[in-house]
Amino acid sequence: MMDLILWRHAEAEDERDGLSDLERKLTHRGEKQAARMAAWLDRQLPEGLRVMSSPAVRTEQTALALGRKYKLRDELSPDGSCEDLLSVVQWPHARGAVLVVGHQPVLGQTIAQLVGLQQSDCSVRKGAIWWLRRRQRQRDGTEPTEQTVIVTVQTPEFL
């Protein structure tokens with residue numbers, strides 16, 4: 001069994017002159033969103049969790065709110081792909097749980113692919129998490145099948 005928790009960075013500054021996309025910081029509201037979600041996550045997350053973040057300032061600030069060790073991974077940058085994300089977390093072959101702090105549209109594209117949505121991506125609100133689980137299911141003596149289920153979707157506004 002493997003859990004993949006996808007956390008979109010909280011609200012960030014708009015792009016300004018002289019500021020690259022990777023340098024954008026969280027707004028005051030974004031800091032509150034990240035803190036609220038981190039407090040909820042901290043009560044839910046399993047032991048042995050691996051945390052990975054895009055190297056963008058806003059995602060690193062979001063990950064910092066959790067107060068756990070994390071690794072910055074270039075594969076999770078705003079211009080990364082669903083394939084990059086799944087490769088870096090070793091989906092579905094790793095065991096345990098991985099939390100990824102990242103960006104749209106890659107998070108939404110990953111969710112759509114893993115749960116078999118018709119559209120190519122789904123909307124992930126700023127600061128929200130989607131918790132997915134890969135498990136084996138066996139029914140009535142048949143061969144086990146792999147399936148991905150949604151454990152929970154949570155937004156900071158509802159915490």
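As the structure is a prediction and not an experimental result, all values here were calculated from the model. Numbering starts at 1 and runs along the sequence shown.
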Does W130 use its side chain to pair, donor to acceptor, with the backbone of V124 at less than 3.5 Å?
no
Is R58 salt-bridged to D21, cutoff N-O under 4.0 Å?
yes
In Å and rounded to the nearest 0.5 Å, what is the CG to CG distance from L49 to D3?
9.0 Å
hydrophobic_cluster_shared for M2 and L6, side chain cutoff 4.5 Å
yes
To the nearest 0.5 Å, what is the distance between CG on L76 and NZ on K71?
12.5 Å
Checking the side chain of S87 only, and the main-chain atoms of E83 only, is there a donor and an acceptor separated by less than 3.5 Å?
no
Would you compute the distance between atom NE2 of H103 and atom OG of S53 and round it to the nearest 0.5 angstrom?
7.0 Å
To the nearest 0.5 Å, atom NE2 of H93 lies from atom CD of Q90 at 9.0 Å
Take atom CD in E143; do more than 12 heavy atoms of anything else shown fall under 6.0 Å from it?
no
If every non-hydrogen atom of A128 is compared with every non-hydrogen atom of P156, which pair is closest and at what distance?
N-CD, 3.9 Å
Min side-chain heavy-atom separation L86-Q113 under 4.5 Å:
yes
Do we see a donor-acceptor contact under 3.5 Å between the side chains of S81 and D84?
yes
Looking at every heavy atom in both T62 and A34, which two are closest together, and how far apart are they?
CA-CB, 4.1 Å
Looking at every non-hydrogen atom in both residues, tell me the closest pair between Q119 and A112 and how far apart they are.
O-CB, 3.6 Å
Would you check if the side chain of S54 reaches a backbone N or O of G102 as a donor-acceptor pair within less than 3.5 Å?
no
Please find the pair of heavy atoms, one from G30 and one from A10, that lie closest to each other, and give the distance.
O-CB, 3.1 Å
Under the 3.5 angstrom rule, does the side chain of E75 hit a backbone N or O of L85 as a donor-acceptor pair?
no
Close side-chain approach of W91 to T148, heavy-atom, < 4.5 Å:
yes
Hey, does R135 have a side-chain heavy atom less than 4.5 Å from the side chain of V149?
yes
To the nearest 0.5 Å, how far apart are CD in E15 and CD in E23?
10.5 Å
Checking Q44 side chain against L41 main chain: does a donor-acceptor pair fall under 3.5 Å?
no
In the single-linkage hydrophobic clustering (I, L, V, M, F, W, Y; side-chain heavy atoms under 4.5 Å), do L117 and V106 co-cluster?
yes
I'd like to check I5 versus V98 (side-chain heavy atoms, cut-off strictly below 4.5 Å). Are they in contact?
no
Is there a path from L45 to M37 through hydrophobic residues (I, L, V, M, F, W, Y) whose side chains come within less than 4.5 Å of each other?
yes
Using distance alone, with no hydrogens and no angle criterion, decide if R125 and T155 have a side-chain donor and acceptor under 3.5 Å apart.
no
Any donor-acceptor N or O pair under 3.5 Å, side chains Q104, R8:
no
So do the side chains of L4 and R134 get within less than 4.5 Å of each other, counting heavy atoms only?
no
Report yes or no: do Q136 and E146 form a side-chain donor-acceptor pair below 3.5 Å?
yes
Same cluster or not: are W131 and V115 linked, directly or through other Ile, Leu, Val, Met, Phe, Trp or Tyr residues, by side-chain heavy atoms under 4.5 angstrom apart?
no
Check: L132 and T110 side chains under 4.5 Å, non-hydrogen atoms
no
Ionic contact status for E11 with R29, cut-off 4.0 Å
yes
Side-chain contact test, heavy atoms from C-beta onward, threshold under 4.5 Å: evaluate it for V100 versus W7 and give yes or no.
no
Quick one: do L107 and L114 end up in the same hydrophobic cluster if we chain Ile, Leu, Val, Met, Phe, Trp and Tyr together by side-chain heavy atoms under 4.5 Å apart?
yes
D42 and L66 have their tightest heavy-atom pair at N-CD1, 4.1 Å
Can you tell me how far CD of Q147 sits from OG1 of T145, rounded to the nearest 0.5 angstrom?
6.0 Å
So, using side chain to side chain donor-acceptor pair (under 3.5 Å) as the criterion, who are the partners of R36 when residues are at least two apart?
none
Can you find a pair of side-chain heavy atoms, one from M52 and one from V101, that are under 4.5 Å apart?
no
D14 and R24 ion-paired at < 4.0 Å
no
Name all residues meeting the salt bridge (charged side-chain N to carboxylate O under 4.0 Å, His left out) criterion together with E60; count only those two or more places apart in sequence or in a different chain, and write none if there are none.
none
